[in-house]
Amino acid sequence: MTDMNKQTINFTLNGKPVSAEIEIHWTLVDLLQRGFDLYGARQSCGQGLCGCCTVVFNDKPVSGCLTLAALVDGGTISTIENGEEELDPVQEAFIEAGAFQCGFCTPGFVLMTRELIAQNPDPSEEDIRVFLTGNLCRCGTYPQIIEAVKTAAARMRTTAHVPV
Amino acid sequence: MTPFEIAMPTSLREATGLLDPEDPTIRVMSGGTALMLMMKTDVFHPTRLISLRKIEETASQMGLLPDGRFRIGGMCTLAQMEHNDDLAAFAPVIRQTMRMLANVRVRNVATIGGALSHGDPHMDLPPVLVALDAIAVTEGPEGSREIPVAELHAGYYETVLNGDELIREVIIPAQDARRMTYLKCTTRAVKDWPALGVALTGVFEGDTLEDPRLVIGSVAETPIRVDEAETVIKGRSLTDKVIREAGEAASANVETIPDELGSAAYKSQLVRVYVERALRAVANQTV
């Protein structure tokens with residue numbers, strides 16, 4: 001390749017094989033926003049502390065702002081935009097509980113909550129606080145977020161979403 | 001940002017071959033969290049990053065060895081260590097530590113090899129591994145070395161690793177009935193970088209504590225083992241008086257340095273308080 005600053009990568013994005021030309025210094029958030037017009041993952045703190053940039057990379061949530069896009073080559077990426085038109089139980093529970101105000105942090109909270117419930121179908125309030133400690137909501141809707149997580153977990157335990 | 005190249009070796013041997021001890025702009029990247037922060041803040045300008053994502057699978061495996069020691073591959077993530085039940089049974093302090101270390105996303109990518117070789121004094125894992133008497137096994141062009149984690153850190157972001165040497169695995173000796181704990185103090189969020197960390201392990205014979213290892217992290221350039229406080233508690237019953245004496249001895253003998261998380265005087269006070277708390281925690285542990 002003549003331009004050493006550019007590179008082409010191939011990966012699976014929300015279930016579809018894609019390729020993209022990236023700049024070598026791009027983060028995963030840059031890749032999603034500039035390459036694919038996906039704005040659900042957004043950089044906020046830029047240090048991996050706030051969770052607004054959460055992306056699921058090879059089945060594990062990571063901080064998109066601290067992941068080099070070049071390293072996504074050959075991998076699988078899932079974002080908040082993945083899925084059906086209809087909302088999942090976590091999104092429904094967040095809306096019902098009013099678990100956001102401005103909504104900037106919500107995609108990260110939803111993705112992390114899905115992971116929490118997958119690992120622990122019946123999380124206690126303590127479990128929820130520990131697991132979501134790396135997600136910040138500057139509107140301060142934490143009580144509603146905890147309520148939403150409990151509601152979603154309870155519903156998912158009674159349906160077939162998660163094997164209990 | 002200036003251009004750089006990314007190499008993806010498939011073995012540790014190939015990775016060490018890509019390193020150049022004379023060129024600090026060539027760096028290995030495992031989880032990448034720490035290096036990305038250094039790159040984003042313009043502290044580090046790489047010419048070549050060597051990603052370890054594709055190296056041999058044994059580097060990301062762990063398990064009990066036939067001789068009773070526990071092996072953790074250098075590329076094992078902190079999340080793997082958190083969720084491994086064999087490791088939790090072998091050394092419960094590791095799971096205890098993980099639950100207060102950074103956050104789920106960081107633990108999903110950060111590796112034990114990276115956490116040790118970065119040499120950052122504000123980390124939770126190094127003092128814990130020193131208190132467990134763990135050994136880092138390296139790989140480099142000259143072959144393999146075994147370095148006690150207690151001797152790995154040489155200064156602020158400095159280790160005794162050569163520039164073309166990587167941590168292949170970490171070995172923890174059998175802990176038997178050893179009790180252990182790790183306590184940290186943060187000054188902002190709960191799981192922030194520690195302002196202080198105290199790791200303590202020891203064997204109780206009746207009421208008395210034998211062979212204690214007391215290690216303080218995040219108050220100086222490297223984790224510090226506190227001989228003076230260990231001498232106070234060794235072979236004694238952990239009465240309130242002994243616990244207070246040990247806290248005083250630790251505070252008096254650990255030379256703290258100030259950082260953005262607290263002054264030297266504040267850290268010395270933290271040492272006193274948290275050494276006492278750690279001693280009470282192991283004294284009250286039921287095995």
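Lettering follows sequence order; numbering is per chain, from 1.
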Can you list the steps and then say if B:Met8 with A:Leu71 is a side-chain contact (heavy atoms from CB on, under 4.5 Å)? CA-CA 9 Å; B:Met8 289 267 203; A:Leu71 300 181; 3.4 Å; yes

Heavy-atom count check: over 12 atoms from other residues, nucleotides or ligands less than 6.0 Å from B:Arg13 CZ? no

Over all heavy atoms of both residues, which pair between B:Asn103 and A:Gly134 is shortest? Give the atoms and the distance, please. CB-CA, 3.6 Å

Contact part of A:Leu49 toward chain B, heavy-atom cut-off under 4.5 Å: side chain, backbone, both or neither? both

Just wondering, do A:Ser63 and B:Thr33 contact through their side chains at under 4.5 Å, heavy atoms? no

Side-chain touch B:Arg105/A:Leu66, heavy atoms, less than 4.5 angstrom: no

Heavy-atom distances under 4.5 Å only: say whether B:Arg53 touches chain A with side chain, backbone, both or neither. side chain

Distance, nearest 0.5 Å, that separates CE of B:Met39 from CG of A:Leu68: 5.0 Å

Of the backbone (N, CA, C, O) and the side chain (C-beta and beyond), which part of B:Leu49 lies under 4.5 Å from a heavy atom of chain A, both, or neither? side chain

Any heavy-atom pair between the side chains of A:Ile24 and B:Glu5 that's under 4.5 Å? no

Is there a side-chain contact between B:Val190 and A:Arg129, using heavy atoms and a 4.5 Å cut-off? no

Most contact-rich option vs chain B, by heavy-atom pairs under 4.5 angstrom, among A:Gly74, A:Ala70, A:Gly48, is A:Gly48

Enclosure of A:Asp59 CG (heavy-atom neighbours >12, cutoff 6.0 Å): no

Per-residue contact mode, A:Gln119 against chain B (heavy atom under 4.5 angstrom): side chain

Counting only N and O atoms by type, is there a donor-acceptor contact under 3.5 Å from the side chain of B:Lys191 to the main-chain atoms of A:Val130? yes

Using side-chain heavy atoms (C-beta onward) and a distance below 4.5 Å, is A:Thr67 in contact with B:Val109? no

Which portion of B:Met100 sits near chain A, non-hydrogen atoms under 4.5 angstrom: neither

When rounded to the nearest 0.5 Å, the distance separating NE2 of A:His25 from CE of B:Met36 is 10.0 Å

Is it the side chain or the backbone of B:Ala79 that comes within 4.5 Å of chain A heavy atoms, both, or neither? neither

